[in-house]
**Student:** 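Attaching a single structure in structure tokens format; questions to follow.
Computed from heavy atoms alone, side chains included, the values below leave out hydrogens, waters and symmetry copies. It should be emphasised that the depicted structure is a prediction, and the values quoted were computed from it without experimental measurement.
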Amino acid sequence: MDYVSALVPPVVMAVFFIGLIVTMVKSQGGDKKAKEDAAVDAAIARAEAARQATPQPSDI
């Protein structure tokens with residue numbers, strides 16, 4: 001029975017890992033993709049605006 005107790009943790013980890021990958025793949029794209037893309041674009045725009053608003057050392 002030692003072999004069973006040795007195999008259980010890797011099998012359990014493999015099942016959870018496969019479930020995680022399946023969940024990640026299913027959550028890609030679809031109707032949420034446009035909303036996620038818009039959120040990323042807005043965050044990049046805010047970061048770019050903040051970077052341009054602060055004086056650069058070469059500007060001083």
**Student:** By salt bridge (charged side-chain N to carboxylate O under 4.0 Å, His left out), which residues pair with Asp37, not counting sequence neighbours?
**Tutor:** Lys33

**Student:** Can you give me every donor-acceptor pair (side chain of residues 41-48, partner residue at least two apart or in another chain, under 3.5 Å) with its distance?
**Tutor:**
residue : atom : partner : partner atom : Å
Glu48   : OE2  : Arg51   : NH2          : 2.8
Glu48   : OE2  : Gln52   : NE2          : 3.1

**Student:** Distance-only check: which donor-acceptor pairs under 3.5 Å involve side-chain atoms of residues 1-23, not counting sequence neighbours?
**Tutor:**
residue : atom : partner : partner atom : Å
Ser5    : OG   : Asp2    : O            : 2.9
Thr23   : OG1  : Gly19   : O            : 2.8

